[in-house]
Amino acid sequence: MTNPFKYSNDNKRYHTCNYYLKNKFGNKVCKIPLYGGFTCPNIDGLKGVGGCVFCSGRPGFEVFDGKNLSIYEQIEAGKTALSKKWPNALFLPYFQYNSGTYEKLDRLKFLYEQALDCKDVVGLCVATRADCLEDDVCEYLSILNKQTNLYVELGLQTIHDQTAKILNRLHTYRDFLKGYDKLISRGIKVCIHIMNSLPGETPQMMMETAQEVSKLAPFALKIHMLYVAKNTILKKWHDSKKFTLMSRDEYIQTVCSQLEILSPEIVIARLTGDCLKKDLVAPMWSLKKVTILNDIDKELVRRNSFQGCKYVN
């Protein structure tokens with residue numbers, strides 16, 4: 001069957017990040033997750049302590065002894081590891097852990113520019129909260145955006161404020177929109193991060209989040225399965241059966257339905273969530289990322305659908 005989706009050079013029926021980056025740079029581009037020593041206003045007491053209910057206070061990725069290595073050393077370690085599979089790859093440093101703009105401007109400049117000075121680096125990705133975008137930081141990001149390929153990832157999880165309260169997110173959807181506008185108005189590319197299977201949410205609410213995100217027309221979107229990690233409030237709720245996680249099939253069906261209503265222009269940066277095996281409590285099926293992605297592909301073929309086939313501008 002011929003792939004009906006135009007932004008694809010393989011069997012994918014959605015706008016993959018790999019497709020976007022390879023077409024932009026003419027080569028494989030690998031992200032290198034970095035530990036920058038950032039905290040979060042929902043951890044350090046400015047807004048709250050303990051973080052969101054799913055936060056374990058640990059990176060969701062294997063760091064190269066990041067707490068003891070400089071940014072340059074972390075990147076070199078990442079390049080060495082990734083080059084074994086992709087010998088000619090280019091690299092995208094990714095400040096993934098906690099809120100990557102929640103710091104004094106001088107410190108941010110030091111960290112970001114150290115990353116950008118590394119060989120074979122083609123840009124910078126920074127994950128943060130929408131309420132961690134001070135004006136001076138946004139102005140600096142605007143300058144960086146003119147000098148390199150900058151991507152800022154904003155954690156939204158859901159548009160529903162009642163769910164955000166359950167998550168202890170400590171900012172509203174309106175607050176998110178203010179932060180989002182600070183970046184978009186400066187021409188900065190934004191990747192929005194949403195989660196499925198949040199406590200109390202129905203599939204319809206998850207679809208509403210995807211629909212509203214599509215209207216915002218971000219550069220990219222990450223769709224993430226809620227997982228339960230050790231040492232979290234969520235684990236206590238899970239142990240006491242306070243909420244129920246989606247099944248694997250329910251998740252795949254929901255993701256495919258979300259893809260159908262998204263603008264085809266939105267780059268899909270992720271369709272699964274990451275948790276280290278040693279930290280994961282549930283759902284254990286989330287560890288088999290490749291099989292989940294394969295079954296999303298199969299379901300889209302079964303439906304004869306693709307990203308944006310039900311999109312309404």
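Residue numbers run from 1 in the order of the sequence given.
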Colleague: Can a donor-acceptor pair be found between the side chains of Asp175 and Thr172 at a distance below 3.5 Å?
Modeller: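 Yes, a side-chain donor-acceptor pair sits under 3.5 Å.
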Colleague: Measuring from Thr291:OG1 to Lys298:NZ, what's the distance to the nearest 0.5 Å?
Modeller: 9.0 Å
Colleague: Tell me the closest heavy-atom pair linking Cys118 and Tyr72, and the distance in Å.
Modeller: SG-CD1, 3.5 Å
Colleague: Could you tell me whether Glu134 atom CD has more than 12 heavy atoms of other residues or ligands within 6.0 Å of it?
Modeller: no
Colleague: Which of parallel (below 30°), tilted (30 to 60°) and perpendicular (above 60°) describes Tyr173 and Phe176?
Modeller: parallel
Colleague: Group every Ile, Leu, Val, Met, Phe, Trp and Tyr by side-chain heavy-atom contacts under 4.5 Å, then state whether Ile194 and Leu177 land in the same group.
Modeller: yes
Colleague: Look at the side-chain heavy atoms of Ile, Leu, Val, Met, Phe, Trp and Tyr, link any pair under 4.5 Å apart, and say whether Met225 and Phe243 land in one connected group.
Modeller: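 Same cluster.
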Colleague: Check for a donor-acceptor pair, side chain of Ser197 on one end and backbone N or O of Met246 on the other, with a separation under 3.5 Å.
Modeller: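 A pair under 3.5 Å: yes.
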Colleague: Examine distances only and state if a side-chain atom of Thr209 and a backbone atom of Ile159 form a donor-acceptor pair shorter than 3.5 Å.
Modeller: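 Yes; at least one donor-acceptor contact below 3.5 Å.
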Colleague: Quick one: CH2 on Trp285 to CZ on Arg248, what's the gap to the nearest 0.5 Å?
Modeller: 7.5 Å
Colleague: Report the C-alpha separation of Lys215 and Glu212 in whole Å, then their side-chain angles, then the decisive distance to 0.1 Å, and conclude whether the side-chain contact (heavy atoms from CB on, under 4.5 Å) test is met.
Modeller: CA-CA 5 Å; Lys215 290 178 183 178; Glu212 288 301 308; 3.3 Å; yes
Colleague: State, yes or no, whether a side-chain contact exists between Tyr112 and Leu141 at a heavy-atom distance under 4.5 Å.
Modeller: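 Yes, at least one pair of side-chain atoms sits under 4.5 Å.
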Colleague: So, Lys235 and Asp239, do they make that salt bridge, N to O below 4.0 Å?
Modeller: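 Yes.
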Colleague: Determine whether a donor-acceptor pair (N or O, by modelled atom type, separation under 3.5 Å) exists between the side chain of Arg169 and the backbone of Asn42.
Modeller: no
Colleague: With the side chain counted from C-beta on, respond yes when Lys12 and Tyr7 share a heavy-atom pair under 4.5 Å apart, and no when they do not.
Modeller: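 Not touching, per the 4.5 Å side-chain cut-off.
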Colleague: Linking I/L/V/M/F/W/Y whenever any side-chain heavy atoms sit under 4.5 Å apart, do Leu170 and Ile166 land together?
Modeller: no
Colleague: Can you list the other members of the hydrophobic cluster that holds Leu90, where links are side-chain heavy atoms under 4.5 angstrom apart?
Modeller: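 Besides Leu90, the hydrophobic cluster comprises Tyr20, Leu21, Phe25, Val29, Leu92, Val122, Tyr151, Phe219, Val267, listed by chain and residue number.
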Colleague: Considering residues, nucleotides and ligands other than Lys22, do more than 12 of their heavy atoms fall under 6.0 Å from its NZ?
Modeller: no
Colleague: According to a hydrophobic-cluster definition based on side-chain heavy atoms being under 4.5 Å apart (Ile, Leu, Val, Met, Phe, Trp, Tyr only), do Leu262 and Met207 belong together?
Modeller: no
Colleague: Check this for me, if you would: do Arg13 and Asp297 make a salt bridge, where the nitrogen-to-carboxylate-oxygen distance has to be below 4.0 angstrom?
Modeller: no
Colleague: By side-chain hydrogen bond (donor to acceptor under 3.5 Å, both in side chains), which residues pair with Asp135, not counting sequence neighbours?
Modeller: Lys182
Colleague: Are side-chain heavy atoms of Pro218 and Tyr180 found at a separation under 4.5 Å?
Modeller: yes
Colleague: If you measure from SG on Cys191 to CD1 on Ile268, what distance do you get to the nearest 0.5 Å?
Modeller: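 Output value for this atom pair is 8.5 Å.
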Colleague: Specify the closest pair of heavy atoms between Cys30 and Ala89, including all atoms of both residues, with the distance to one decimal.
Modeller: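 Taking Cys30 first and Ala89 second, the nearest heavy atoms are SG-CB, 3.9 Å.
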Colleague: Can you find a pair of side-chain heavy atoms, one from Cys55 and one from Ile43, that are under 4.5 Å apart?
Modeller: yes
Colleague: Given side chains that start at C-beta, do those of Arg270 and His193 come closer than 4.5 Å, heavy atoms only?
Modeller: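 A side-chain contact under 4.5 Å is absent here.
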Colleague: I'd like to know whether the aromatic ring centres of Phe38 and Tyr102 sit less than 6.0 Å apart in this structure.
Modeller: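 That pair fails the under 6.0 Å test.
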Colleague: Given 3.5 Å as the limit, does a donor-acceptor pair link the side chain of Ser214 with the main chain of Ala210, or not?
Modeller: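 Between the backbone of Ala210 and the side chain of Ser214 there is no qualifying donor-acceptor contact (under 3.5 Å).
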Colleague: If I compare all heavy atoms of Ala282 with all of Leu245, which pair ends up nearest, and what's the gap?
Modeller: CB-CD1, 3.8 Å
Colleague: Please say which of Gln258, Glu250, Gln157, Glu201 ends up in a side chain to side chain donor-acceptor pair (under 3.5 Å) with Asn196.
Modeller: Gln258
Colleague: Judged by atom type as modelled, is there a donor-acceptor pair below 3.5 Å linking the side chain of Asn9 to the main-chain atoms of Tyr19?
Modeller: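 Checking the backbone N and O of Tyr19 against the side chain of Asn9, no donor-acceptor pair under 3.5 Å is found.
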Colleague: Side chains of Lys222 and Cys17: closer than 4.5 Å at any heavy-atom pair?
Modeller: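 No; the side chains remain at least 4.5 Å from each other.
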Colleague: For the residue pair Pro199 and Leu234, what are the closest heavy atoms and their distance?
Modeller: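 Nearest pair, atom of Pro199 first, then Leu234: CG-CD1, 4.2 Å.
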Colleague: Treating Lys79 as the side-chain partner and Lys119 as the backbone partner, does any N or O pair qualify as donor plus acceptor under 3.5 Å?
Modeller: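 Side chain of Lys79 to backbone of Lys119: a pair is present.
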Colleague: Strictly below 4.0 Å, N to O, side chains only: are Arg129 and Asp131 in salt-bridge contact?
Modeller: yes
Colleague: Working to the nearest 0.5 Å, report the span between CZ of Phe91 and CH2 of Trp86.
Modeller: 9.5 Å
Colleague: Using a 4.5 Å cut-off on heavy atoms from C-beta on, say whether the side chain of Leu271 contacts that of Ile292.
Modeller: no
Colleague: Drop me the distance from Lys277's NZ to Met284's CE, to the nearest 0.5 angstrom.
Modeller: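 Result: 6.5 Å between the selected atoms.
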Colleague: Counting only N and O atoms by type, is there a donor-acceptor contact under 3.5 Å from the side chain of Gln307 to the main-chain atoms of Ile266?
Modeller: yes
Colleague: Could you pull out the closest heavy-atom pair between Arg107 and Gly36, with the gap in Å?
Modeller: NH2-O, 4.0 Å
Colleague: Which heavy atom in Thr128 sits nearest to a heavy atom in Cys132, and how many Å separate them?
Modeller: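 Scanning both residues completely, I find the closest heavy atoms to be OG1-CB, 3.6 Å.
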Colleague: Do Leu116 and Leu144 come within less than 4.5 Å of each other through their side chains, counting heavy atoms only?
Modeller: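 When only atoms from C-beta onward are counted, Leu144 and Leu116 do touch, with a gap below 4.5 Å.
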Colleague: With a cut-off of 6.0 Å (strictly less than), are more than 12 heavy atoms of other residues, nucleotides or ligands near CG of Asn23?
Modeller: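 Yes, CG of Asn23 has more than 12 neighbouring heavy atoms, counting only those of other groups under 6.0 Å.
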Colleague: Can you tell me if Ser185 uses its side chain to pair, donor with acceptor, with the backbone of Asp181 under 3.5 Å?
Modeller: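 Here the side-chain-to-backbone pair exists.
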Colleague: Would Lys31 and Gln96 count as a side-chain contact (heavy atoms from CB on, under 4.5 Å) if you check the C-alpha gap in whole Å, the side-chain angles of each, and the deciding distance to 0.1 Å?
Modeller: CA-CA 10 Å; Lys31 281 187 176 180; Gln96 180 179 4; over 6 Å; no
Colleague: Is a donor on one side and an acceptor on the other found under 3.5 Å between the side chain of Ser8 and the backbone of Phe5?
Modeller: no
Colleague: Met205, Ile223: one ILVMFWY side-chain cluster at the under-4.5 Å cut-off?
Modeller: no
Colleague: With a 3.5 Å cut-off and no angle check, do the side chains of Lys146 and Ser142 form a donor-acceptor pair?
Modeller: yes
Colleague: Roughly how far, to the nearest 0.5 Å, is CG of Leu259 from OG1 of Thr254?
Modeller: 11.0 Å
Colleague: Assess the residue pair Val126 and Leu108 against the criterion (side-chain contact (heavy atoms from CB on, under 4.5 Å)); give the C-alpha distance rounded to whole Å, side-chain angles, the decisive distance to 0.1 Å, and a yes or no.
Modeller: CA-CA 11 Å; Val126 179; Leu108 294 179; over 6 Å; no
Colleague: Mind running side-chain contact (heavy atoms from CB on, under 4.5 Å) on His15 and Ser263 for me, showing each step along the way?
Modeller: CA-CA 10 Å; His15 199 154; Ser263 164; over 6 Å; no
